[in-house]
J.: 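Here you go, one structure.
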Amino acid sequence: MRTPTFRRRGAPRSLAGPRPGAREGVGRRGFLKSLPVLGAGTALLGGCASQEGAVTGVDRVLSISLGQAESHPSYGSLVSFGERLAEATDGRYGARVYANNSLGDQQETVQLVSDGAIDMAVISGTQIENSSPRFLPMNVPGVFDDIDHQNRVMLDQSIVGELFASLEPQMRLTVLGGYSQGGRHLYTAQGPIESVEDMAGLKIRVQESEIFLRLISDIGGVPTPMAYSEVYTGLQAGVLDGAENNEISYVTQRHYEVAGHFTLTNHLIGFDFLLASTDLLEEMDEQDSEALREAWAETQSEFVEIWKQETEKATQDMLDRGVVITQPEPDVFAPIIEEAGLSILEHPDDLALYDAIRAASEEGDA
Ligand code: GCU
């Protein structure tokens with residue numbers, strides 16, 4: 001084994017990157033051709049002087065796909081994960097974060113991690129649900145009270161352990177945990193939205209997921225599935241009348257420029273899962289794969305507070321930019337949203353997982 005050159009303190013890194021939504025200089029097709037090289041060793045990326053989103057001077061740089069812009073807190077958090085990993089493995093492993101979906105949209109990157117072409121990807125719960133319906137209860141409105149409850153559940157192996165390992169045999173995907181998406185809300189170009197009548201006929205972008213399709217139609221809108229990276233132009237071109245997301249994504253994707261009415265529906269507390277290639281984890285020395293899991297666990301725990309602070313900042317940013325924030329009366333959308341969520345769970349396993357999650361709520365109201 002070569003002498004590790006990695007030194008945590010003082011290791012150069014740059015957080016600067018392209019504007020939100022921009023692809024990297026290399027075309028995706030050309031880049032993907034080189035990905036087997038990434039999977040196989042370190043010659044391409046390891047030991048470089050400085051690379052955006054990457055820990056440098058390590059033997060093996062793991063590729064991590066992220067749909068968010070560099071200004072989103074998950075980007076900085078993944079960069080620190082790479083640093084922790086490098087330190088914990090004594091420079092044998094580090095990571096490079098590919099932001100802005102530059103390796104592909106989420107559904108595509110699930111497949112790329114499954115194939116081992118990239119090492120890890122951050123994937124929205126609804127996209128995992130498309131690979132395995134067993135994750136559906138995690139995406140149901142009302143299942144989590146707040147992000148503390150969600151975090152407790154995601155760290156509780158008795159609730160999530162089996163589920164997180166369930167993609168390993170067939171898809172060779174290991175769920176390591178993930179990041180809260182916080183509460184998701186509605187936003188529209190025209191507004192304010194205060195009633196179901198105000199929603200009539202509005203084309204609202206949703207993630208490709210059954211629960212979102214049902215939710216938006218039940219509150220009066222026309223759900224329009226579309227990839228995250230296309231929402232800005234969809235709103236700008238008038239193909240969409242609105243979308244839904246958390247405050248941080250709304251701000252970091254600059255959706256306020258094209259949809260200035262934000263309605264606090266808090267219809268869902270979402271979660272972004274971190275997927276890793278099971279083959280990668282099995283190929284690593286046990287000590288290194290354990291170090292990777294620990295580095296990730298620290299990163300995940302720290303993120304909850306970061307998320308809360310960044311949400312406050314994003315809200316202030318929205319107000320400063322003149323976004324009109326509306327709080328609808330509690331009996332307008334909330335009962336419909338709750339009903340839409342519960343009506344989707346039918347399978348006994350889904351109901352059991354839902355109940356286990358609810359039992360971990362502070363109220364323990366399973
Ligand atoms: C959030 C979430 C992403 C997801 C996006 C979306 O930003 O963190 O993972 O892709 O919502 O609405 O598609």
Side-chain angles (χ1 to χ4, degrees), residues 20-24 27-33 35-36 38-39 62-69 72 74-75 78 97-140 163-164 166-179 181 184 203-216 223-235 239-240 243-246 249 252-253 255 268 270-280 344:
R23 301 274 185 200
E24 297 209 338
R28 193 194 319 170
R29 186 162 299 204
F31 184 79
L32 289 178
K33 276 194 200 144
L35 283 171
L38 285 181
L62 305 182
S63 47
I64 309 181
S65 170
L66 178 69
Q68 308 292 354
H72 190 281
S74 55
Y75 177 80
L78 287 171
V97 188
Y98 292 85
N100 297 306
N101 281 319
S102 55
L103 297 182
D105 283 324
Q106 290 191 355
Q107 204 54 53
E108 211 175 336
T109 55
V110 171
Q111 193 54 48
L112 289 168
V113 179
S114 174
D115 295 343
I118 56 184
D119 297 306
M120 294 186 193
V122 175
I123 302 293
S124 188
T126 45
Q127 301 290 339
I128 304 241
E129 177 193 314
N130 289 330
S131 299
S132 165
R134 290 189 58 184
F135 283 79
L136 178 68
M138 301 275 185
N139 302 331
V140 163
L163 181 70
F164 282 9
S166 66
L167 303 176
E168 289 174 0
Q170 261 101 47
M171 299 189 71
R172 308 300 292 150
L173 293 171
T174 298
V175 178
L176 291 173
Y179 292 128
Q181 295 177 3
R184 296 182 69 109
K203 291 188 281 329
I204 305 295
R205 178 269 173 172
V206 290
Q207 298 176 79
E208 305 86 335
S209 139
E210 202 188 333
I211 181 69
F212 275 101
L213 295 172
R214 190 173 301 188
L215 188 62
I216 296 300
T224 310
M226 191 180 278
Y228 187 49
S229 54
E230 287 160 16
V231 180
Y232 185 98
T233 34
L235 288 164
V239 176
L240 298 170
E244 59 75 48
N245 220 312
N246 53 59
S249 290
T252 55
Q253 293 292 311
H255 289 171
L268 182 80
F271 198 74
D272 280 328
F273 291 89
L274 179 66
L275 296 184
S277 149
T278 308
D279 290 340
L280 163 79
I344 210 157

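All residue numbers in this chain count up from 1 along the given sequence.
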J.: With heavy-atom distances below 4.5 Å as the criterion, would you say the side chains of I344 and E210 are in contact?
T.: yes

J.: Will you find, in the side chains of S209 and N130, an N or O donor that is under 3.5 Å from an N or O acceptor?
T.: no

J.: Suppose we screen for salt bridge (charged side-chain N to carboxylate O under 4.0 Å, His left out). Which residues come up paired with R134, at least two apart in sequence or across chains?
T.: E162

J.: Would you confirm whether R184, through its side chain, and E244, through its main-chain N or O, come within 3.5 Å as a donor-acceptor pair?
T.: yes

J.: Could you go through T174 and E168, starting from their C-alpha distance and side-chain angles, then the distance that decides it, and tell me whether this counts as side-chain hydrogen bond (donor to acceptor under 3.5 Å, both in side chains)?
T.: CA-CA 6 Å; T174 298; E168 289 174 0; 2.9 Å; yes

J.: So do the side chains of Q107 and S131 get within less than 4.5 Å of each other, counting heavy atoms only?
T.: yes

J.: Measure across G178 and F271 and return the closest heavy-atom pair with its distance rounded to 0.1 Å.
T.: C-CZ, 3.3 Å

J.: Nearest 0.5 Å please: distance from the CG atom of L78 over to the CD1 atom of I64.
T.: 5.0 Å

J.: Is there a donor-acceptor pair closer than 3.5 Å between any side-chain N or O of S249 and the backbone N or O of N246?
T.: no

J.: Does the side chain of V175 come within less than 4.5 Å of L167's, by heavy atoms?
T.: yes

J.: Could you check if a side-chain atom of L268 sits within less than 4.5 angstrom of a side-chain atom of F212, using non-hydrogen atoms only?
T.: yes

J.: Side chains of L66 and Y75, heavy atoms from C-beta outward: is any pair under 4.5 Å?
T.: yes

J.: How about M120 and L275: do any of their side-chain heavy atoms sit closer than 4.5 Å?
T.: no

J.: To the closest 0.5 Å, what do you measure between CD (Q106) and OG (S229)?
T.: 9.5 Å

J.: What's the spacing between L240 CG and I204 CD1 if we round to 0.5 Å?
T.: 8.0 Å

J.: Give, for atom CD1 of I211 and atom CE of M138, the distance between the pair rounded to the nearest 0.5 Å.
T.: 14.5 Å

J.: Is a side-chain N or O of T278 found less than 3.5 angstrom from the main chain of L173, in a donor-acceptor match?
T.: yes

J.: Applying side-chain hydrogen bond (donor to acceptor under 3.5 Å, both in side chains) to E208 and T126, what does each step give before you reach the verdict?
T.: CA-CA 7 Å; E208 305 86 335; T126 45; over 6 Å; no

J.: Counting distance only, does the side-chain N/O of S114 pair as donor-acceptor with the main-chain N or O of M171 below 3.5 Å?
T.: yes

J.: Consider only side-chain N and O atoms of E129 and N139, and report whether a donor and an acceptor are under 3.5 Å apart.
T.: yes

J.: Can you check whether E108's main-chain N or O pairs, donor with acceptor, with D105's side chain at less than 3.5 Å?
T.: no

J.: To the closest 0.5 Å, what do you measure between CD (Q207) and CZ (R205)?
T.: 5.0 Å

J.: State, without any angle test, whether Q68 and Y228 hold a side-chain donor-acceptor pair at a distance under 3.5 Å.
T.: yes

J.: How close do A69 and A99 get, counting heavy atoms only, and between which atoms?
T.: C-CB, 4.5 Å

J.: Testing the basics here: between S65 and G104, what is the closest heavy-atom pair and its distance to 0.1 Å?
T.: OG-O, 4.4 Å

J.: Which atom pair, heavy atoms only, marks the closest approach of N101 to G67?
T.: OD1-CA, 3.2 Å

J.: Mind running side-chain hydrogen bond (donor to acceptor under 3.5 Å, both in side chains) on S277 and D119 for me, showing each step along the way?
T.: CA-CA 5 Å; S277 149; D119 297 306; 5.6 Å; no

J.: Where do V113 and A276 come nearest, in terms of heavy atoms and distance?
T.: CG1-C, 3.7 Å

J.: Any side-chain heavy atom of L235 within less than 4.5 Å of one from H255?
T.: yes

J.: Can you tell me how far the OG1 atom of T109 sits from the CD atom of Q127, to the nearest 0.5 Å?
T.: 8.5 Å

J.: So, do P225 and L213 sit near enough that their side-chain heavy atoms are less than 4.5 Å apart?
T.: yes

J.: Could you tell me how the ring of F135 sits relative to the ring of F164: parallel (under 30°), tilted (30 to 60°) or perpendicular (over 60°)?
T.: parallel

